[in-house]
Each structure stands twice: as structure tokens, then as C-alpha cells.
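Throughout, residue positions are numbered sequentially from 1 according to the sequence presented. Heavy atoms only: backbone and side chains are in, while hydrogens, waters and symmetry mates are out. Both ligands and their constituent atoms are indexed starting at 1 by order of listing.
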Amino acid sequence: MTTPFDSVENAPAKLNLFLHVTGQRDDGYHLLDSLVCFASVGDRLEGRLRDDGDITCTLTGPMANALGADGLGDLAPEDNLVMRAARLLQDHYNVTAGADLRLHKTLPVASGIGGGSADAAAALRLLCRLWKIEPDPLDLGRMALVLGADVPVCLVGGTVLMQGIGEILHPVPPLPDFPIVLVNPGTAVSTPKIFAARAGEFTDNDLWDRHARFDTIEDLVTALQDCRNDLTYAAIGLSPEICDVIAALGAEEGCLLARMSGSGATCFGLYGTPDAAQKAAKILHEAHPDWWVVAGQLAGDAFKNQMPDLQDKNA
Ligand code: C5P
């Protein structure tokens, strides 16, 4: 009889409520200042121990084919970020055990909400538990950064002000569970191309008050209106439908702010009430059946992980 998958980790969607590009390093990576939080929607990773050292990863869920589950894409299933994270962790800590992993993929890929990064972070958390590794937080943080600039923030979860290229993580007061709608027009966008296409001045660093608390969504929206996503124009240049998505979200009743997340193409709308968010999602889905549309909420501190804290250790 096969052992059931007995370990589970959530891989929630990451949202950049604002994203300022504040500079560029000599190696080409951009310096960011971004308020990151997580949503109540996401992928799910399950795992079980193997004694023989092998690692397998099966893909299920509506977005599994985009990760190569059907063998038709460019990506071999063994190259997905979950497998890369698992192999890196196993090698780094000389683990002799292996694991069977099963990723339930519901988030669109290459879409600015950190799907792959959230999956990789979930794999690191799940396998540390399964393989009984008690990593040094900085060591694990560095490993996460090797996998992608957004992986450290996904490892930590919660509400975070992210700086550097993604390795400087400042804790900020958690946001209440404000209602959101996420929309992706179905185009995968290339993060390197968007960063390369960004033009203009850099934004000042540290514009956000790290101690600010927001009890009402109106207060949060007022503060966010002084900020923006500096990658928006570059992303629209490469995927013009992002413009339609932002306009469609913003036109729905009760939408207080509509903005792109990360390097796109997923955009989010913040809504005054859960009903308004549900209603907007229904209307948007009916009007654009080919768009990925989901209503949910900011997850506050629900996904703040029990991992040793990376926050402020790099600051
Ligand atoms: O680290 P990740 O794989 O997510 O980044 C993909 C690409 O996006 C990088 O190779 C780089 O071109 C660009 N990038 C950047 N600055 C960041 C994050 C990503 O220029 N802070």
C-alpha cells in the first residue's frame, strides 16, 4: 500500500501592493521597494518521505499543463521550481532521504503573483519539516534567493516591506483581511523583459512608513495612492491587455484601487466589501470568460510562516 501524502504546505499568491524600482545593481538586478502581502488563494504542495533519496513531483490542478504536466510546453516537469528547490536543499544539507511531492497548481504561471516562487518556498518549508532540517535562517534565505528574488519573501510570508533585490525584508503591521479580486488576461509575461523595458528615473527608496497601521481599507488605499507599480508601463508595452484588465477592475462598483502586481500580467482590485468583490469577479468572469478571475482577500498574517525569521536579519 502506498503511503498517503502526509505533509501539506500552502503556496499563497504574492501581491505587490506597490512596487517602486529604486536603482540597479552592477549585475543588472533592480533594487526594489515594495509592500508585499499574500492572498487567500494559492497553490498547494503535498509531500511524503522516500527512503531511497529520489525526489518526484507530480502536477495536478487547472494550471498544471502550463508547468509541463502535459509534456507539451518548453519546461520539463523536472525543471520546475519545486524540483529545483528540493534538489538544492537536499544537496546543501546532504540529505539521504528523498520525497514524493504533488503540486496542485491553480495560480497562472509567469504572472506577477509569485506562483513559482511561492511553490519553491513551500517546497523548502515542507522538506525542512519532512527531512527534519533545522536550517540557519540566513543560510536558508540565501538558498531561497538563488532560486529567485521573490522566494525569500514567500518563505517568510505575512505582510512585508521588501527591499534590495528581494533579500531585505522588514516586518510591517499586518493588514486586515481586505477583499480583493485578482485578474490575469491569460498572457504569460517575461520578468527579465519587463525589467529591461522599464525606462525613466528611479523612485526614491523608503517612501513607505513602515509603522503605519491600516484599520480601514480606505486608509490603506489613500496611502497606496501615493505609490505605484513602476513596471506597469513597461508591462503594458509588452502586453497591452494589462491596460484593459486595470480598466475593467477599476470600473466595477466598489473598486477602490486597481493595480498590476509584480511584473504582471496579473492585476488586483481592492474592494470596499466582500460582496462587492464577489460581484465584480462574477461580472468580470462573465464578460471575459478567457480571463483568470478570482475573488478572495488579503490573508493578513494567516500565511506568516513558523519558519525561523529572515526578517531584518539582512537589513
Ligand atoms: O529572480 P527571478 O528569477 O525572479 O528574476 C527573473 C529576472 O528578473 C532576473 O533575471 C532579472 O532580469 C529580473 N529581475 C531584476 N530585479 C529584481 C528581480 C528580477 O532585474 N529585483
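Inspection of the Ser117 and Asp150 side chains reveals no N or O donor paired with an N or O acceptor under 3.5 Å. Side chain to side chain, Thr203 and Arg228 meet the donor-acceptor criterion of an N or O pair below 3.5 Å. A donor-acceptor contact under 3.5 angstrom links the side chains of Thr216 and Asp219, judged on distance only. Using modelled atom types, one finds a donor on one side chain and an acceptor on the other under 3.5 Å when comparing His92 with Asp139.
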Take His170 and Gln163, measure what side-chain hydrogen bond (donor to acceptor under 3.5 Å, both in side chains) needs, and give me the verdict at the end.
CA-CA 8 Å; His170 302 286; Gln163 295 181 329; 3.1 Å; yes

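Applying the side-chain hydrogen bond (donor to acceptor under 3.5 Å, both in side chains) test to residues at least two apart or on different chains, the pairs with a partner in residues 238-248 are Thr187-Glu241.
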Just list the N/O pairs, ligand 1 to protein, that are under 3.5 Å apart, with the distance for each.
{"unit_1": "ligand 1", "atom_1": "1 (O)", "unit_2": "Ala149", "atom_2": "N", "d": "2.8"}
{"unit_1": "ligand 1", "atom_1": "16 (N)", "unit_2": "His30", "atom_2": "N", "d": "2.9"}
{"unit_1": "ligand 1", "atom_1": "20 (O)", "unit_2": "His30", "atom_2": "N", "d": "3.3"}
{"unit_1": "ligand 1", "atom_1": "20 (O)", "unit_2": "His30", "atom_2": "ND1", "d": "2.8"}
{"unit_1": "ligand 1", "atom_1": "21 (N)", "unit_2": "His30", "atom_2": "O", "d": "2.9"}
{"unit_1": "ligand 1", "atom_1": "21 (N)", "unit_2": "Ile165", "atom_2": "O", "d": "3.3"}

